2 protein chains.
Amino acid sequence: MVEKKKTRIKIRNEEKILEAALKLFSAFGFHGTTMEKIAELADMSQPNLHNYFKTKADLYEAVLNDILTLWVDPLGNLDVEGDPETELRQYIFKKIEMARKYPEASRIFAGEMLQGAPILMHHLKGQVRMKVKAFATVIESWARQGKIRPVDPVHLVFMIWASTQHYADFMPQIRAVMDVARLNKADYDAAAESICSIIVNGLKP
Amino acid sequence: MVEKKKTRIKIRNEEKILEAALKLFSAFGFHGTTMEKIAELADMSQPNLHNYFKTKADLYEAVLNDILTLWVDPLGNLDVEGDPETELRQYIFKKIEMARKYPEASRIFAGEMLQGAPILMHHLKGQVRMKVKAFATVIESWARQGKIRPVDPVHLVFMIWASTQHYADFMPQIRAVMDVARLNKADYDAAAESICSIIVNGLKP
DNA sequence: CCTACCGATCGGTAGG
DNA sequence: CCTACCGATCGGTAGG
């Protein structure tokens with residue numbers, strides 16, 4: 001059997017396809033992306049893609065699943081024992097950093113939302129809701145202890161997610177308004193700092 | 001000439017087409033929407049659409065232009081003479097109300113952003129930047145007068161836009177997390193109230 | 001993994 | 001404003 005060699009190439013190719021697909025799907029959406037373009041970017045023939053992913057829809061789902069772990073998981077959680085200011089700052093900076101490092105992932109999720117999240121709905125009701133519940137528990141505990149002002153934790157988490165992901169999803173508007181060709185790390189940090197200062201101060205008792 | 005009668009029907013049909021196109025483009029994107037489907041929803045034959053809009057791209061642009069006035073304009077502005085809390089509350093509630101009443105408009109803009117805003121870029125560098133400049137002037141004036149804490153006005157306005165539009169653009173996630181089939185007016189108001197309280201308190205000197 | 005190719009869909013036009 | 005239809009594109013398969 002020469003399976004070993006084949007398998008290594010297969011794995012490499014699968015990665016190349018997923019990478020190319022992520023870039024194109026995030027930039028042009030599902031219907032705006034052709035298998036031909038993905039094949040081109042992955043440096044393969046178009047029919048060959050179907051040896052790795054049966055259909056275009058399968059490939060799209062694979063891309064979504066691929067980034068789901070990367071997107072939802074490493075977010076971590078607030079430590080109820082920690083100081084609200086420190087914990088929230090950490091959380092917000094982590095989110096901004098993800099918008100900076102993985103803008104395609106952010107955009108593909110946003111695109112899914114805009115279209116009603118047909119594929120992601122299942123995860124939204126599972127993983128994502130759990131994340132929010134955990135977040136809410138900590139916020140409510142802090143409020144009870146008088147460490148922060150009482151606030152609806154669900155709207156708070158939406159506010160944080162929206163404000164941070166905005167820097168990936170609405171990039172063209174941000175570049176146009178700020179009049180820069182590209183945002184550098186300092187710009188993202190300044191954004192995170194602004195968001196932090198408003199939210200942290202906004203939650204002071 | 002029977003032009004008068006014809007014109008009236010033509011105007012009515014054009015409206016029907018634009019309405020149908022807005023719904024479908026916002027739900028499925030440009031490439032995910034077919035002229036056939038638009039025709040169906042507008043209750044006309046597909047070839048007849050081309051009598052009103054030469055190409056699909058033209059129709060799409062017409063939809064964008066149509067909502068641009070509705071979206072950017074009536075936002076109004078902050079009154080520098082006014083009380084920061086009152087003014088910001090009004091602004092945020094107006095934005096949430098727009099997300100509630102015109103979610104399709106919000107989503108079509110978001111979709112455009114995700115794809116790099118090829119058509120909207122011109123307006124982003126014009127109208128939208130002007131709006132931000134005007135907003136920034138008021139914020140900075142308030143900060144100088146000591147009415148609010150100094151804060152980067154650009155990041156502040158992005159924060160407000162992102163947080164409010166989120167309730168239109170990320171509807172599926174919001175419904176899944178809140179575990180409701182539909183958000184009613186009270187839900188939107190509660191969201192606006194949460195956003196307001198954090199931002200207004202966050203800006204207190 | 002490639003060449004060749006099919007069937008379906010879609011935007012747009014002709015012609016009345 | 002309709003019927004009929006064309007040309008191009010695209011996802012996917014056959015067969016080797």
Side-chain angles (χ1 to χ4, degrees), chain A residues 1-64 108 111-112 115 118-119, chain B residues 1-64 108 111-112 115 118-119:
Chain A
M1 295 238 259
V2 276
E3 285 262 331
K4 206 153 191 182
K5 212 170 180 181
K6 254 190 188 170
T7 301
R8 197 150 19 211
I9 293 178
K10 282 216 171 194
I11 289 172
R12 173 78 192 110
N13 275 346
E14 205 174 299
E15 279 168 5
K16 269 167 51 178
I17 295 170
L18 285 167
E19 199 187 312
L22 170 62
K23 273 193 189 134
L24 294 172
F25 281 139
S26 76
F28 306 109
F30 180 78
H31 296 286
T33 303
T34 67
M35 293 297 268
E36 180 61 44
K37 288 276 179 198
I38 297 173
E40 233 171 78
L41 193 59
D43 210 33
M44 325 177 37
S45 73
Q46 179 261 335
N48 195 19
L49 288 191
H50 294 279
N51 290 324
Y52 293 87
F53 300 93
K54 210 159 56 98
T55 67
K56 187 186 178 186
D58 286 345
L59 172 53
Y60 183 72
E61 261 200 70
V63 170
L64 276 186
I108 248 187
E112 265 297 291
Q115 312 220 354
I119 297 169
Chain B
M1 293 238 260
V2 276
E3 284 262 330
K4 208 153 190 181
K5 211 170 179 181
K6 253 191 189 169
T7 301
R8 198 152 17 213
I9 293 178
K10 282 216 171 195
I11 289 172
R12 173 77 193 110
N13 275 345
E14 205 174 298
E15 278 168 6
K16 269 168 50 180
I17 296 170
L18 284 167
E19 201 188 311
L22 170 62
K23 274 193 189 134
L24 294 172
F25 281 140
S26 75
F28 306 108
F30 180 78
H31 295 286
T33 302
T34 68
M35 292 297 268
E36 179 62 45
K37 289 275 178 198
I38 297 173
E40 232 171 78
L41 193 59
D43 210 32
M44 325 177 37
S45 73
Q46 178 260 337
N48 194 18
L49 287 190
H50 294 279
N51 290 324
Y52 293 86
F53 300 93
K54 211 159 54 101
T55 66
K56 186 186 179 185
D58 286 344
L59 172 53
Y60 182 72
E61 261 199 70
V63 171
L64 276 186
I108 246 186
E112 265 297 290
Q115 312 221 352
I119 297 170

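The sequence lines fix the lettering, A, B, ..., with proteins before strands; numbering per chain opens at 1. Computed from a prediction, not measured in an experiment: that's the story for all the values here.
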Novice: D:dG12 C1' sits how many Å from A:Leu59 CG, rounded?
Specialist: 14 Å
Novice: For the atom pair NE2 (A:His50) and OG (A:Ser45), what is the distance rounded to the nearest 0.5 Å?
Specialist: 9.5 Å
Novice: In whole angstroms, how far is the P atom of C:dT13 from the CZ atom of B:Phe53?
Specialist: 15 Å
Novice: Which distance, rounded to the nearest 0.5 Å, do you find between the OH of A:Tyr52 and the NZ of A:Lys10?
Specialist: 5.5 Å
Novice: Roughly how far, to the nearest 0.5 Å, is OG1 of B:Thr55 from CG of B:Leu49?
Specialist: 11.5 Å
Novice: Rounded to whole angstroms, how far apart are CG on A:Asn51 and C1' on D:dG15?
Specialist: 13 Å
Novice: Check nucleotides 4-11 of chain C for protein N or O atoms closer than 3.5 Å to its own N or O atoms and list the pairs.
Specialist:
{"unit_1": "C:dG11", "atom_1": "OP1", "unit_2": "B:Thr33", "atom_2": "O", "d": "3.3"}
{"unit_1": "C:dG11", "atom_1": "OP1", "unit_2": "B:Lys56", "atom_2": "NZ", "d": "3.1"}
{"unit_1": "C:dG11", "atom_1": "OP2", "unit_2": "B:Met35", "atom_2": "N", "d": "3.0"}

Novice: Which stems does DNA chain C form, counting runs of 3 or more consecutive Watson-Crick or G-U wobble pairs with both distances under 3.5 Å?
Specialist: C:1-16 with D:1-16
Novice: To the nearest Å, how far apart are B:Asn48 CG and C:dG15 P?
Specialist: 19 Å
Novice: Distance check: side-chain N/O of A:Asn13 vs OP1/OP2 of C:dC1, anything under 4.0 Å?
Specialist: yes
Novice: Would you call A:Lys16-A:Glu19 a salt bridge at under 4.0 Å N-O?
Specialist: no
Novice: Take the angle between the ring planes of B:Tyr60 and B:Phe30 and call it parallel below 30°, perpendicular above 60°, tilted in between.
Specialist: perpendicular
Novice: To the closest 0.5 Å, what do you measure between CD1 (B:Ile38) and CD1 (B:Ile17)?
Specialist: 9.0 Å
Novice: Any side-chain N or O of B:Ser45 under 4.0 Å from OP1/OP2 of D:dC2?
Specialist: yes
Novice: So, the side chain of B:Lys56 versus the backbone of B:Thr33: is there a donor-acceptor pair under 3.5 Å, distance only?
Specialist: yes
Novice: Output the single nucleotide from C:dC2, C:dC1, D:dC1 whose closest atom is nearest the side chain of A:Tyr52.
Specialist: C:dC1
Novice: Applying side chain to side chain contact (heavy atoms under 4.5 Å, CB included), run through A:Leu64 and A:Phe25 and close with a yes or a no.
Specialist: CA-CA 10 Å; A:Leu64 276 186; A:Phe25 281 139; over 6 Å; no
Novice: Looking at every heavy atom in both B:Ser26 and B:Lys23, which two are closest together, and how far apart are they?
Specialist: OG-O, 3.0 Å
Novice: Within this structure, what is the CD-to-C1' distance between A:Glu14 and C:dC1, rounded to whole angstrom?
Specialist: 16 Å
